[in-house]
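A short worksheet on the structure shown next.
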Amino acid sequence: MALRVHDTRRREKVEFSTIEAGKVKMYVCGVTVYDLCHLGHARCYIAFDLVHRWLEHSGYDVLYIQNFTDIDDKIITRSIESGIDWQIIVDENIEAYYDDMDSLNILRADIYPRCTEYVEEMITITQSLIDKEHAYVADDGVWFHVESAPEKYGQLTGQNIDAVLGGAGGRVAESGKRDHKDFALWKAAKPGEPTWQSPWGPGRPGWHIECTAMSMDHLGEQFDIHGGGHDLLFPHHEAEIFQGECHTGRAPVVNHWLHNGFVNMDGEKMSKSLGNFWTIRDICEKVNPLVLRFALINAHYRSPIDMNEQLLHDAARNHGRLLEVYKQALLTMNDNPVSLPRGDVSSAIPLVKSLGLLEKMAESFALAMDDDFNSREAVAKVLGAVREAGKVLDSDMESEDKSAFASHVVEWLEEHAGKVLGLLPNRETLLAVDPRIEEIREQVEKLLADRKAAREAKDWDAADSIRDALNELGVGVVDTADGPEWHLLND
RNA sequence: GCACGGAUGACAGAGCGGCUAUGUGCGGGACUGCAGAUCCUGAAACCCGAGUUCAAAUCUCGGUCCGUGCUCCA
C-alpha cells in the first residue's frame with residue numbers, strides 16, 4: 001500500500017507524491033533559540049523524526065532541513081534582560097537543543113541553517129516582492145501587501161480574507177502597514193538592536209521571510225513536505241505561501257503541509273503563565289527520555305496530547321516491558337542460529353505460529369505507518385509482538401530453536417521498535433552492567449543468603465525485613481522459579 | 001464572531017461501512033509464604049436526534065458540548 005499523508009492545505013489524506021522520483025525534500029520549522037526546549041518542541045520534532053525515519057525506511061532519499069531562528073524579539077529581550085550578548089544566548093541554546101534532541105533519539109536533520117546566515121537571500125526575495133508590487137516600503141520597514149494576492153489567502157486555515165479583523169486594527173495606526181493583514185518582511189532598526197544593512201536602511205528581517213529564504217536555498221522553489229506545529233499555520237505558513245509563490249510565480253510552493261498537534265498539561269494548555277510549563281530537561285529528570293518518546297508517539301501526531309502522570313506511567317510500563325523482552329532476546333540468541341521454519345498463524349506448532357504472528361504484526365505495522373504515520377497503531381503492533389515474543393522466550397522450547405527465535409525477535413524489534421520508532425537504546429547501553437552493582441554485590445549477596453535462611457525457616461517477618469533492607473539499599477528482589485533475582489531500583 | 005479540529009469502555013487512545021484494537025486500571029485463574037513480574041481468562045465503549053444502507057463509532061443532515069487559531073508560540 002502506498003503512503004498516505006494528511007495534507008493541511010487539502011484538508012484530507014492524500015496519496016504521498018514527490019516532485020522528483022525517490023527523493024523527498026522536507027523542511028520543518030525549527031526553534032527560536034532564546035530558551036531551553038519544552039515538551040511541545042519534543043513532540044513536534046519527534047513527530048517529524050518519525051516522518052523522516054519512515055520515509056527513509058520506505059526507500060526515499062530524504063533531504064531534511066530544519067532551521068534555527070537566531071534573531072527575533074524574544075532573543076533581543078532576553079539579551080537586554082540578562083545583559084548577555086545575544087549571540088552567546090543563541091549559541092548556548094543551540095547546543096542545548098542538540099543535547100535534548102539527541103537524548104530523545106531524534107535523528108539529525110541534514111542541515112540546520114541559521115537565519116542570520118541568510119540575510120542576503122532574504123533581502124533578494126524582499127526586493128523581488130517589491131519589484132513585483134507585492135510589497136511596499138514604509139518608514140518602519142518593508143511590508144508584504146496581502147491584498148496583492150488575495151487568491152492565496154486562507155489556504156491553510158480556510159479563513160476568509162475579509163473576516164480577519166481581530167485585534168489588529170489598532171496596530172495599523174502604530175505601524176507603516178497599509179492594511180491590517182499585511183506582515184513585515186523587513187523591520188527597520190530600533191536603537192540598541194542588532195542590525196544588518198539593506199537597501200531600506202539598517203534593520204533586521206521579519207520572521208516569516210527566513211523560512212522562505214532557507215527552504216528555497218536548500219530545497220528549491222517547490223518542495224515536498226513542510227512541517228511544523230499547528231500554531232504556525234497562521235500567519236507563519238500562510239505568509240510563506242505568499243512570499244514564496246509571489247516571488248517565484250510558481251505554485252504550490254509546498255506539496256504537502258503537515259502539522260502536529262499540541263501538548264496540554266493535565267487538560268490545560270501548557271504555558272509559562274499557568275506554571276505548567278515543562279522543559280524537556282525537567283521531564284527527563286523524572287523519566288527516561290525514551291519513555292517520554294514512547295509517551296509522545298503513543299498518540300497520533302495530529303491529535304492533541306494530554307501530558308499527565310498516568311500517561312507517563314503507562315509509557316514507562318510498556319517501554320519497560322519492551323526493553324525487558326529485547327534484552328531477554330539478546331541474551332538468549334546465539335550468533336549462528338539454526339534456520340527457522342516458515343511462519344504460519346494457523347499452525348498448531350507454537351514456534352511456527354509465533355513466527356507467523358510476528359510476520360503479520362510486521363505487515364500491520366507497515367500499514368499503520370503508511371496511513372499518515374499512525375504511530376499509535378504501530379506501537380500497538382510492537383506491543384503485540386513483545387507479548388508474543390515474551391511468551392515464547394519464557395516457554396520450555398528446545399534451546400536451538402529458542403535461540404534462533406530470539407535472533408529473529410532481536411531483528412524484528414530492532415527493525416520496528418528501533419530503527420523506525422527509535423524506542424530502543426543501543427545494545428551496549430542496554431546490556432551494560434551498572435558499576436554500582438559491583439560495588440554492592442557482596443553486601444547484597446550476604447543479605448540474600450540471610451533471607452534465604454529465614455525463608456527456609458519460614459520466618460517470614462525476618463525475610464521481609466531483609467527485603468526492606470535491600471530496598472533501602474536501592475535493590476529490588478524478585479523471587480523466581482530459579483531463585484531470587486535482584487536489580488537496582490529506579491530506571 | 002469567523003475558521004479549523006474533536007466527542008469511543010473507569011482512564012489513555014486506535015479504528016472511520018460488516019471482523020477481539022491496544023495499553024493502564026478492575027474481576028477470575030495459574031505461579032507465589034507474601035510481594036512483584038509473567039501467562040491464561042472475564043466484564044466493560046462508541047455525545048444526542050433523524051436519515052442512507054441488508055449492515056453505521058464508521059457515511060449524510062441537524063443539535064449539544066469541548067479544544068485550538070484569528071499576526072508572541074512547536
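Convention: sequence-line order gives letters A, B, ...; per-chain numbering from 1. All values below were derived from every heavy atom in this structure, side-chain atoms included, with hydrogens, water molecules and symmetry-related copies excluded.
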For this session: Determine which bases of RNA chain B form Watson-Crick or G-U wobble pairs with both distances under 3.5 Å, and write the result as a 5' to 3' dot-bracket string with | for other-strand partners.
Result: (((((((..(((.....[...))).(((((.......)))))....(((((..]....))))))))))))....
Exercise. Is A:R376 side chain donor-acceptor paired with the B:rU22 base, going by distance under 3.5 Å alone?
Worked result: yes
Problem set entry | Geometric cation-pi criterion A:R108 and A:Y98, 6.0 Å radius, 45° cone | yes
Problem set entry | Ring-ring centroid check A:H145 A:H134, cutoff 6.0 Å | no
For this session: Answer yes if the ring centres of A:F68 and A:Y97 are under 6.0 angstrom apart, and no otherwise.
Result: yes
Problem set entry | Base orientation of B:rA57, syn vs anti, 90° cut from 0 | syn
Exercise. So, are A:D7 and A:R11 salt-bridged, with charged N and O less than 4.0 Å apart?
Worked result: no
Seminar exercise, completed: Note: contacts of residues 64-71 of chain A with RNA chain B (heavy atom, under 4.0 Å) are none
Please tabulate, one pair per line, each protein N/O and nucleotide N/O from nucleotides 17-20 of chain B that are separated by under 3.5 Å, including the distance.
none

Problem set entry | Under-4.0 Å salt bridge between A:D370 and A:R4 | no
Could you tabulate the donor-acceptor pairs under 3.5 Å formed by side-chain atoms of residues 381-396 of chain A, not counting sequence neighbours?
unit_1: A:E388; atom_1: OE2; unit_2: A:S354; atom_2: OG; d: 2.7
unit_1: A:D394; atom_1: OD1; unit_2: A:Q328; atom_2: NE2; d: 3.0
unit_1: A:S395; atom_1: OG; unit_2: A:V392; atom_2: O; d: 2.6

Using a 3.5 Å cut-off and no angle test, enumerate the donor-acceptor pairs between side-chain atoms of residues 451-458 of chain A and protein atoms at least two apart in sequence or in another chain.
unit_1: A:R451; atom_1: NH1; unit_2: A:D479; atom_2: OD1; d: 3.3
unit_1: A:R451; atom_1: NH2; unit_2: A:D479; atom_2: OD2; d: 2.9
unit_1: A:R455; atom_1: NH1; unit_2: A:D479; atom_2: OD1; d: 3.2

Problem set entry | Ring-face cation contact, A:Y136 with A:R178, 6.0 Å cut, 45° max | yes
For this session: Could you run through nucleotides 30-36 of chain B and give me one letter per nucleotide, 5' to 3': B if any protein heavy atom sits under 4.0 Å from the base, S if only the sugar-phosphate is that close, - if neither?
Result: ---BBBB
